[in-house]
Amino acid sequence: MSGLVGKLDPRRIQWGSTWNTFASRVLRTKPVESMLDSAISGTSSHGTRLARVLSTVDLVSLGVGSCVGTGMYVVSGLVAKEMAGPGVIVSFIIAAVASILSGVCYAEFGVRVPKTTGSAYTYSYVTVGECVAFFIGWNLILEYLIGTAAGASALSSMADSLANHTISNFMISHIGTLNGLGKGEQSYPDLLALLIALLVTVIVALGVKNSVGFNNALNVINLIVWVFMMIAGLFFVNGENWDEGRFLPFGWSGVMQGAATCFYAFIGFDIIATTGEEAKSPNTSIPYAITASLITCLTAYVSVSVILTLMVPYNEIDEDAPLMEMFAMHGCMFAKYIVAVGSIAGLTVSLLGSLFPMPRVIYAMAGDGLLFKFLAHVSSYTETPVVACVVSGFLASLLSLLVSLRDLIEMMSIGTLLAYTLVSLCVLLLRYQPEGDIHGFVNFLSEEQNKKRKEGVLAECEKDACSPTSEADEYGGPPTNTCGAKNLPSLGDNEMLIGKPDKNAYTANHPNYGTVDMTTGIEAEESEGGLSRRLKKLIGPRYYTLRIRLGLPGKMDRPTPATGKTVTVCVLLLFIFIFAFCSFIIFGASTIGEGRWWALLLLIVFIIIIALLVIIILQQPENPKRLPYMAPCVPFVPASAMLVNIYLMLKLSAITWIRFSIWCLVGK
């Protein structure tokens with residue numbers, strides 16, 4: 001006993017080595033080289049293989065389907081009636097802009113870490129570390145789990161409504177009721193929701209081609225119904241519904257409140273980021289699909305909101321089924337049932353969009369050893385993580401059977417908002433890190449381009465080695481040095497600025513690779529910086545003077561470990577102060593509204609500190625590597641995305657945070 005006490009003596013514990021061991025385990029990252037090598041070899045980093053069959057159109061269909069169901073058929077009417085009136089159109093546009101801020105960060109990470117599954121989990125594992133990655137992955141599972149159960153329950157409720165509540169009455173009379181979680185309301189065991197969840201689980205487990213084919217078919221039905229609503233609705237529009245101040249009946253405060261709710265209608269595009277191992281060309285199709293799906297959803301939401309608010313006065317909109325009832329109010333009953341078919345298709349696609357990524361996140365975490373290994377098993381027949389699919393579907397169906405989701409529905413959002421915040425933070429970090437600290441982010445072209453480039457470089461090397469006439473003969477200097485090796489022209493800064501380099505001489509391992517356009521010989525920043533070119537045209541010769549006065553880095557400046565550390569500290573402080581700023585404006589809104597001097601002063605101090613941190617980050621040199629897609633206006637876009645996401649997280653109810661904390665403790 002005394003020996004045990006002696007070992008626990010704080011004076012005998014080697015705190016330095018203990019802390020280093022703890023930090024190395026918590027902050028250890030996953031090297032990208034392992035994922036890129038496994039992608040070339042045809043298997044995932046887990047030693048298994050998923051079917052790589054998804055095209056860009058399939059990814060766009062998945063992204064649109066996961067968002068548009070509830071957003072178009074439910075959220076538009078709810079926000080129009082209770083929050084913004086016809087101003088819901090503006091609310092959707094504001095929410096779309098906020099969503100695009102996170103979407104472009106996801107798109108850049110889809111290029112930085114191609115051919116991987118796991119979405120924000122994998123991205124955070126590569127950049128931040130294992131502990132944060134598990135935290136994000138565990139909460140993504142929660143989001144998808146509740147989203148699947150909610151989708152099954154919504155479909156069951158719609159079927160019950162179309163059947164004049166005969167299903168629920170039968171369940172209550174023959175089976176009984178039970179207490180749902182939340183406010184203690186009585187609910188019945190929803191066997192229909194259980195069956196729906198199990199059926200969609202079978203479809204997902206049968207293979208990605210079957211899942212995507214089913215998804216595409218439902219999206220076609222949804223598209224046809226949307227076109228029908230646009231055309232049929234034109235016969236019933238009434239411009240007076242927007243007259244005499246009716247467009248913004250709740251003012252701009254109602255529009256902003258509605259935008260916060262409409263933001264959740266765009267949640268779901270992150271499903272695209274979970275398909276990296278199943279997409280044919282993820283480094284190009286993932287960013288395009290994310291952007292296209294967000295624009296498509298915005299078009300659908302705005303057009304439907306226009307027709308809805310012109311057909312029905314905002315205070316008469318039906319909350320439960322706004323699009324179906326808007327035709328019923330005009331006596332067009334056949335149109336109501338056509339819209340009902342579309343709403344069923346839309347909600348089914350949303351259910352599929354929640355269930356489809358969940359087994360893939362579980363598969364990625366299990367393959368990395370953070371969950372049970374058997375969950376990473378991939379069926380050789382369906383080429384899907386079938387065990388993870390079955391476990392996911394079973395848990396979701398059980399949840400939809402037993403739990404009332406009226407209060408749990410908000411928990412779908414908190415995991416996604418956390419993931420969005422972390423991805424934005426990681427993009428901000430990686431842009432300013434020196435090349436040696438990015439764990440192998442060297443070449444992000446497609447596999448085919450990689451192979452061709454490697455073969456071309458090897459062939460050129462062999463040719464140079466065997467040919468009596470080499471580049472050294474063409475070079476005006478001495479043919480060999482004292483060691484007998486060839487003297488070649490420098491590939492340094494002078495050649496990069498003066499002449500057109502030999503594009504074959506630059507390889508992925510060269511320090512200047514990625515900073516020079518291989519076809520023009522011009523620095524990549526100059527050849528691809530559209531924003532810089534516009535600023536030069538707008539400002540003229542004062543452009544460079546302004547850069548110097550603002551302390552912005554020069555074109556040839558490169559990040560160092562010191563500047564990378566500066567950015568890391570600034571980003572962490574930026575996160576802390578944005579969190580404090582959002583907390584103050586939410587929980588201290590009444591104090592700010594009263595005009596208390598200390599509250600206004602504190603608000604100004606927060607704004608100044610956040611602005612200074614962004615300026616300090618802007619003054620650091622960026623990593624010169626050029627990717628097929630990069631988020632624009634860094635650091636402003638990632639910082640704005642962090643601000644929006646943190647604000648929306650803090651707007652969630654206290655019970656949501658309590659349940660979220662319990663879920664996190666269960667994961668530990």
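No experiment lies behind these values; they were computed from the predicted model shown.
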Using every non-hydrogen atom in the two residues, find where T421 and M642 come nearest and quote the distance to one decimal.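 That closest heavy-atom pairing would be O-CG, 4.0 Å.
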All side chain to side chain contact (heavy atoms under 4.5 Å, CB included) counterparts of I610, not counting sequence neighbours: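 Partners of I610 under the side chain to side chain contact (heavy atoms under 4.5 Å, CB included) test: L574, F577, I578, F581.
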Any side-chain heavy-atom pair from [X] and [Y] closer than 4.5 angstrom?
X    : Y    : answer
V312 : N241 : no
Y73  : V304 : no
V391 : L395 : yes
S293 : I272 : yes
V208 : F356 : yes
P86  : P249 : yes
V79  : F92  : no

Taking the side chain from W226 and the backbone from G342, do they hold a donor-acceptor pair closer than 3.5 Å?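 Answer holds: no.
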Polar side-chain atom of S91 near backbone of V255 as donor-acceptor pair, under 3.5 Å: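 Yes.
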Mind checking whether Y420 and F269 have ring centres under 6.0 Å apart?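 Yes, ring centres under 6.0 Å apart.
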Between Y629 and Y288, is the gap from one ring center to the other below 6.0 Å?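 For Y629 and Y288, the ring centres are not under 6.0 Å apart.
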Is a side-chain donor-acceptor pair under 3.5 Å present for S61 with D58?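 Side-chain D/A pair, D58 to S61: absent.
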Cut-off 3.5 Å, side chains only: do T591 and W598 have a donor facing an acceptor?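 Side-chain D/A pair, T591 to W598: absent.
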Any chance CZ of F579 has more than 12 other-residue heavy atoms, nucleotides or ligands included, within less than 6.0 Å?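 No, the 6.0 Å shell around CZ holds no more than 12 heavy atoms from other groups.
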Should the pair F228 and F334 be assigned to parallel (<30°), tilted (30 to 60°) or perpendicular (>60°) ring geometry?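 Because their plane-to-plane angle is over 60°, the rings of F228 and F334 count as perpendicular.
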What's the spacing between I646 CD1 and S583 OG if we round to 0.5 Å?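 If I round to the nearest 0.5 Å, the distance is 8.5 Å.
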Residue that, paired with N215, satisfies side chain to side chain contact (heavy atoms under 4.5 Å, CB included) out of V204, V64, L352: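 Exactly one option meets the side chain to side chain contact (heavy atoms under 4.5 Å, CB included) with N215, and it is L352.
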